[in-house]
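Data block below; observations after.
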Amino acid sequence: MTKSQIAEVLEEIATLLELKDENPFKIRAYANAARSLETFGGNLADLQDEEALGKIPGIGKAIAAKIKELAGTGKLKYLEELRAEFPAAILELFSISGLGAKKIKALYEQLQISSIEQLREACELGRVAQLPGFGETTQAKICTAIEQRAKHFGYFQFGQIAAEAETLRRDLAAHADALQVDVAGSYRRRREIVRDVDLVVATKKPAAITEFFIKHALVESIIAQGPTKTSVRLRSGIQCDLRVVSSAEYPFALNYFTGSKEHNIEMRSRALERGWTLNEYRLARLPPDPKAKKLRAGQAVRRPTIKIPTVREEADLYRALALDFVPPELRENCGEFEAAEKHS
DNA sequence: CTGACGTCGCATGGGC
DNA sequence: GCCTATGCGA
DNA sequence: GTCAG
């Protein structure tokens, strides 16, 4: 069994544990282990060497043993047991956007729904809307989500949507109230496959930008709309998210929404090392730690906090974290930090 | 051994 | 109609 | 379930 196949198994375990309503952190532990194994570039000569496996971040004793079993026998008792608790097809329901473990579980337990086809039928018969926690609106949304999936499987080729993305960026940028505009997300990272288009706009008039956006000719329907975040469906069928922020927040939002998730985690952790906290809006001083107090009452105990540099553009943020600028294409936490590390 | 594990915006359903 | 807890997605 | 303190 290959590394990727084993990672997929760990993903499946995470999904099945979610359906079982297991501890969310246990679920994430499996998902993290899957990701970690997948991206682990090190010399893993032997997937059966539990000791070596345990050294991979996110993989401990329990998961190392499971990987060993998989690598050795091609099977996993634990997985078989989990699978036995649900019909095999039920996992495809997770590909309907808007459906998560909780809703899928309810549909399964109360209407015995375990496939997309069964779900479509139940929606058309109006049965889904009767369930507690569901309603007419949710039922209708599920119907359109099923149609969406049939058309695109939820994925798009970069080239398929490049023209739309650029048009939106250009038209937003031409708006008098738009101070800065960029396409972020996996599109900015130039991934071949993208699931949505993420736009970030800096403005002093969020409402004006949002209104302009939802009325754009490329927008087919509105999925969600709020003061800072708006999601729409474009004519091509792809989902497009608009984030509206202030100029001061812009570099942070652009960086955050460009990702990748793994890259962001590493960025946050580098900020932490310097006594800062990084999120999609700002770099700030770490809030006072409640238990690091009490010593030397009366005296201000100061943490080795470094003064926060001003960040006006994305490059400033990398500079603040003592990194060379990392081009979006390389932001996958596959060695870019080692490469960007400034050895002083 | 024990506590943390990211966090927040939006839509919805249901109770008032 | 308003308020809030929950699920979902990112 | 994994990790750091």
Side-chain angles (χ1 to χ4, degrees), chain A residues 10 13-14 16-37 53-67 78 82 93-107 128-142 144-145 154 184-187 194-200 206 210 222-232 239-245 249 252-253 255-269 271-273 277-282 284 286-287 289-292:
Chain A
L10 295 176
I13 292 175
L16 289 166
L17 290 176
E18 229 184 321
L19 273 182
K20 285 189 66 173
D21 203 13
E22 259 282 7
N23 179 338
F25 296 109
K26 183 169 173 178
I27 296 165
R28 205 174 306 166
Y30 274 95
N32 289 344
R35 222 184 39 200
S36 185
L37 181 66
L53 287 169
K55 285 186 181 134
I56 301 175
I59 296 180
K61 212 180 154 213
I63 295 183
K66 291 183 173 68
I67 294 176
Y78 182 58
L82 282 175
L93 295 178
F94 281 91
S95 67
I96 306 296
S97 73
L99 284 191
K102 294 284 156 56
K103 288 215 177 73
I104 291 172
K105 194 161 186 247
L107 290 164
V128 170
Q130 308 298 315
L131 294 183
F134 294 75
E136 293 289 341
T137 314
T138 303
Q139 180 174 270
K141 281 197 163 181
I142 292 174
T144 53
S186 49
Y187 180 89
V194 293
R195 253 189 51 185
D196 55 17
V197 175
D198 295 294
L199 290 163
V200 186
T210 300
I222 300 168
I223 297 168
Q225 182 184 349
T228 65
K229 183 179 115 183
T230 297
S231 298
V232 301
Q239 183 173 325
C240 179
D241 296 342
L242 173 75
R243 305 280 177 161
V244 183
V245 299
E249 295 166 334
F252 301 102
N255 183 73
Y256 180 87
F257 292 113
T258 296
S260 65
K261 193 171 185 168
E262 290 72 22
H263 184 84
N264 290 352
I265 290 172
E266 192 56 37
M267 293 288 280
R268 273 205 304 270
S269 117
L272 274 179
E273 287 170 12
T277 167
L278 173 66
N279 60 27
E280 64 262 59
Y281 305 118
R282 63 189 63 89
L286 220 43
D289 189 343
K291 35 172 202 219

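Each chain gets a letter, A, B and so on, in the order the sequences are listed, and its residues count up from 1.
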> Heavy atoms, side chains only, cut-off 4.5 Å: are His263(A) and Met267(A) in contact?
Replying inline: yes
> Which nucleotide in the set dG9(C), dG7(C), dG1(D) lies at the smallest distance from any side-chain heavy atom of Ala29(A)?
Replying inline: dG1(D)
> Just how far, in rounded Å, is C1' of dG1(D) from CD1 of Ile59(A)?
Replying inline: 12 Å
>> Under 4.0 Å, counting only non-hydrogen atoms across every strand here, what does Leu278(A) touch: a base, just sugar-phosphate, or nothing?
In response: nothing
> Think Arg195(A) has a side-chain N or O under 4.0 angstrom from the OP1 or OP2 of dA10(C)?
Replying inline: yes
> With sugar-phosphate meaning primed atoms plus P, OP1 and OP2, does Phe134(A) contact a base, only sugar-phosphate, or nothing at under 4.0 Å between heavy atoms?
Replying inline: sugar-phosphate
> Do you know which of Asp198(A), Leu199(A), Thr230(A) makes side chain to side chain contact (heavy atoms under 4.5 Å, CB included) with Cys240(A)?
Replying inline: Leu199(A)
> Is there a side-chain contact between Phe252(A) and Asn279(A), using heavy atoms and a 4.5 Å cut-off?
Replying inline: no
>> Test your reading of the model: is there a side-chain donor-acceptor pair from Glu22(A) to the backbone of Leu17(A), 3.5 Å cut-off?
In response: no
> Lys229(A) NZ to dG9(C) P: how many Å, rounded?
Replying inline: 11 Å
>> Strictly below 4.0 Å: does Thr138(A) bring a side-chain N or O up to OP1 or OP2 of dG13(B)?
In response: yes
> Among the nucleotides dG14(B), dT2(D), dC10(B), which one has an atom lying closest to any side-chain atom of Ala224(A)?
Replying inline: dC10(B)
>> Taking the C1' atom in each of dC3(C) and dT12(B), what is the distance between them to the nearest angstrom?
In response: 13 Å
> What does Ala33(A) touch in the nucleic acid at a heavy-atom separation under 4.0 angstrom: a base, only the sugar-phosphate, or nothing?
Replying inline: nothing
>> Is the phosphate of dC10(B) approached by Thr228(A) (side-chain N or O, under 4.0 Å from OP1 or OP2)?
In response: yes
> Considering only the C1' atoms, how many Å lie between dA4(B) and dG9(C), rounded to the nearest integer?
Replying inline: 23 Å
>> What is the separation between atom CD on Gln239(A) and atom P on dC8(C), rounded to the nearest whole Å?
In response: 16 Å
> For the pair made of CD in Glu18(A) and P in dG7(C), what is the distance, rounded to whole Å?
Replying inline: 12 Å
> Whole Å only: how far is the CG atom of Asp241(A) from the C1' atom of dA11(B)?
Replying inline: 14 Å
>> Quick one, Arg282(A) and Thr277(A) - any side-chain contact, counting heavy atoms below 4.5 Å?
In response: no
> Rounded to whole angstroms, how far apart are CD on Glu22(A) and P on dG1(D)?
Replying inline: 8 Å
>> For a quick check of understanding: with a heavy-atom distance under 4.0 Å over all strands, which category does Ser231(A) fall into, base, sugar-phosphate or nothing?
In response: nothing
> Taking CG from Asp198(A) and C1' from dG9(B), how many angstroms apart are they, rounded to a whole number?
Replying inline: 14 Å
>> Can you identify which nucleotide, out of dC8(B), dC8(C), dG13(B), has its nearest atom closest to the Thr137(A) side chain?
In response: dG13(B)
>> Under 4.0 Å, counting only non-hydrogen atoms across every strand here, what does Leu99(A) touch: a base, just sugar-phosphate, or nothing?
In response: sugar-phosphate
>> Students often get this wrong, so: under 4.0 angstrom with heavy atoms, is Ile27(A) touching a base, only sugar-phosphate, or nothing?
In response: nothing
> Choosing from dC8(C), dG1(D), dT12(B), which nucleotide comes nearest the side chain of Ile63(A)?
Replying inline: dG1(D)
>> Taking dG9(B) as the reference, what is the distance to dT4(C) when you measure between their C1' atoms (whole Å, please)?
In response: 15 Å
>> Taking only the C1' atom of each, what is the distance from dA11(B) to dC2(C) in whole angstrom?
In response: 15 Å
>> Just to be sure I understand the rule, does Pro227(A) reach a base, reach only the sugar-phosphate, or reach nothing, if contact means heavy atoms closer than 4.0 Å?
In response: sugar-phosphate
>> Tell me whether the side-chain N/O atoms of Lys141(A) come closer than 4.0 Å to OP1 or OP2 in dT12(B).
In response: yes
>> For a 4.5 angstrom cut-off between non-hydrogen side-chain atoms, does Phe94(A) reach Leu19(A)?
In response: yes
> With respect to the side chain of Asp196(A), which nucleotide from dG7(C), dG1(D), dA10(C) is positioned closest?
Replying inline: dA10(C)
>> Strictly distance-based, threshold 3.5 Å: is any side-chain N or O of Ser36(A) a donor or acceptor partner for the main-chain N or O of Pro57(A)?
In response: yes
>> Rounding to an integer number of Å, can you tell me how far Lys55(A) NZ sits from dC3(D) P?
In response: 13 Å
>> Using heavy-atom distances to pick each residue's nearest nucleotide on DNA chain B, tell me which of Ala129(A) and Lys261(A) is more 5'.
In response: Lys261(A)
